Amino acid sequence: MTTEEVPKPVQMLQLLVGFQISQALYVVAKQGLSTALADGPLTVEQLAAATGTNADVLRRIVRALAPLGVFRTDDGLVEVTDLGKTLADGQPDSVRDLALFWMETHYAPFGALLHTAVTGENAASRYYGEPFFDWISRFPAQVETQNRAMAGVTKGLRAGMFDGYSLPEGGVVADVGGADGAMICQFLAGEPDRRGIVFDRPEVVPAARKVLAEHGLADRVDVVAGDFFESVPEADVYVLSYILHDWDDESCLRILRMVRAAAGRGARVVLVESVIPPGDAPHPAKFVDLTMLAMLTGRERTAEEYEVLLDAAGFTLDRIVATPTPFSFIEATLR
């Protein structure tokens, strides 16, 4: 039966069970089911024993997820698919940490999305009683999960994004909101004559020193703590990777004006963001935009919206470089 032949109410029910699928996948990630199966198939009983789960419950979760391509079952054995392996530790394209981060910090606040739709108030702020970034900064374990999740995005969802792309010219590159430094490592790995700066909140940047050392960049990339609403370091090229989408337009203008205050005329800015395409074509940014709506004050934007935002902050949009991934490089010059 094709999708067109499935009755519309059934199609809608398949969409409505998304919350159940999310929770089932969280069990897979949290209990390490895919990790346990990475070396080969196991019986449900063996898998349950290896992961500390109830065998009967596990059998039912596997049965629900197998038709979605996460597992294969045959003659009493459970095998993880390539899709399912993305929830395993140690895989180059793993998004396990992102699954943990979303489900442990985003899932519950989304229950207040109706409140957001009616009032415009941020769902996460209503759920946590304060803005999300303020809440998470008080929980080091969640900050660590967030850092790993964002690094996983760089390694997994952005695989191939950097092929054939080089930053605009400039001796010093500042990664504003650079978290654990994974992004600047990508940019500077083949650029031995450039120096770098990883700039982020005090509770975030300690993770960067380890990552930079692992990539042999500790001697030419400084780690600086601060608040990009108050100031940013002086540099020639500023990278803001997945930063502006977290914030409303006025907050974005504050960030860009901090860059303008620190930089000289002609300095370059590179935004690494998803750009919403026109029309009804599917694109991950359209659902990430709902995440911004519920969790933060930000939004995903179209090319025209980025151009207007940059212009208002004193930058001229130079070009948007699409990649094979959902992300693009948006280059601009300070006037």
Side-chain angles (χ1 to χ4, degrees), residues 93 95 97-99 101-102 105-106 124 131-133 136-137 142-162 165 167 173-188 196-201 204-205 207-208 211 227-229 232 237-249 251-256 258-259 268-277 283-303 305-306 309-310 313 315 320-332:
D93 57 353
V95 294
D97 288 316
L98 186 62
F101 177 60
W102 274 352
T105 64
H106 287 40
F132 177 68
F133 283 143
I136 198 171
S137 68
Q142 290 292 6
V143 171
E144 183 179 348
T145 301
Q146 176 182 249
N147 286 341
R148 292 198 310 267
M150 295 304 102
V153 169
T154 299
K155 296 174 184 176
L157 299 183
R158 296 179 181 179
M161 184 179 75
F162 300 91
Y165 179 79
L167 288 173
V173 178
D175 189 356
V176 177
D180 70 350
M183 179 62 68
I184 205 165
C185 288
Q186 292 277 359
F187 280 127
L188 298 190
I197 302 168
V198 175
F199 180 80
D200 212 317
R201 291 165 64 131
V204 174
V205 293
V211 173
D227 183 341
F228 52 45
F229 286 116
V232 300
V237 180
Y238 290 85
V239 175
L240 289 87
S241 176
Y242 233 33
I243 299 299
L244 296 191
H245 82 137
D246 286 339
W247 304 96
D248 59 82
D249 286 356
S251 297
C252 288
L253 288 174
R254 287 176 60 195
I255 297 168
L256 290 171
M258 289 299 103
V259 173
R268 307 297 299 277
V269 167
V270 178
L271 311 180
V272 184
E273 297 280 2
S274 293
V275 178
I276 297 180
H283 192 280
K286 295 180 179 181
F287 276 102
V288 176
D289 188 49
L290 295 185
T291 302
M292 298 301 103
L293 180 67
M295 298 303 299
L296 302 168
T297 64
R299 62 193 308 131
E300 302 302 311
R301 295 176 172 87
T302 65
E305 287 170 331
Y306 275 115
L309 188 64
L310 287 163
F315 295 85
I320 297 178
V321 182
T323 76
T325 75
F327 305 98
S328 296
F329 298 105
I330 305 169
E331 298 180 354

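The structure presented is a predicted model; accordingly, all values stated were derived computationally and were not measured. FYI, the numbering just counts along the sequence from 1.
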Minimal heavy-atom distance between Phe315 and Ala332, with the atoms involved, is CB-CB, 4.0 Å
How close do Pro326 and Ser274 get, counting heavy atoms only, and between which atoms? O-OG, 3.1 Å
Glu273 side chain to His245 backbone, donor-acceptor under 3.5 Å: yes
Heavy atoms of Cys252 and Leu309 approach each other most closely as CB-CD2, 3.8 Å
State, yes or no, whether a side-chain contact exists between Ile243 and Phe228 at a heavy-atom distance under 4.5 Å. yes
Applying side-chain contact (heavy atoms from CB on, under 4.5 Å) to Leu256 and Leu244, what does each step give before you reach the verdict? CA-CA 9 Å; Leu256 290 171; Leu244 296 191; 4.2 Å; yes
Starting at CE of Met183, measure out to CG of Leu240 and round the result to the nearest 0.5 Å. 11.0 Å
N-O pairing of Glu331 and Arg268 below 4.0 Å: yes
Please round to the nearest 0.5 Å and tell me the distance separating atom CZ of Arg301 and atom CZ of Arg299. 6.5 Å
Atom CH2 of residue position Trp102 - does it have more than 12 heavy atoms of other residues, nucleotides or ligands inside 6.0 Å? no
Kindly compute the distance separating CG (Asp289) from CD (Glu300), expressed to the nearest 0.5 Å. 6.0 Å
Could you go through Thr105 and Phe132, starting from their C-alpha distance and side-chain angles, then the distance that decides it, and tell me whether this counts as side-chain contact (heavy atoms from CB on, under 4.5 Å)? CA-CA 9 Å; Thr105 64; Phe132 177 68; 3.8 Å; yes
Mind checking what makes ring-ring contact (aromatic ring centres under 6.0 Å, His included) contact with Phe101, not counting sequence neighbours? His106
Out of curiosity, Leu271 CG to Leu310 CG, how far, rounded to the nearest 0.5 Å? 5.5 Å
Between Val176 and Val239, is the side-chain contact (heavy atoms from CB on, under 4.5 Å) condition met? List the steps. CA-CA 6 Å; Val176 177; Val239 175; over 6 Å; no
Correct closest heavy-atom pair for Met295 and Ala124 would be O-CB, 3.4 Å
Closest approach of Met161 to Val272 (non-hydrogen atoms, all atoms of both residues): CE-CG1, 3.9 Å
Straight-line distance of Trp247 CH2 to Phe133 CZ, nearest 0.5 Å: 5.5 Å
Heavy atoms of Gly196 and Ile184 approach each other most closely as CA-CD1, 3.9 Å
From Tyr238 atom OH to Asp175 atom CG, the distance as rounded to the nearest 0.5 Å: 12.5 Å
Phe162 vs Phe329, side-chain contact (heavy atoms from CB on, under 4.5 Å): CA-CA, chis, key distance, verdict: CA-CA 10 Å; Phe162 300 91; Phe329 298 105; 4.1 Å; yes
Do any N or O atoms from the side chain of Thr323 and from the backbone of Thr325 form a donor-acceptor pair under 3.5 angstrom? yes
Ion pair check, Arg254 and Asp249, cut-off under 4.0 Å: no
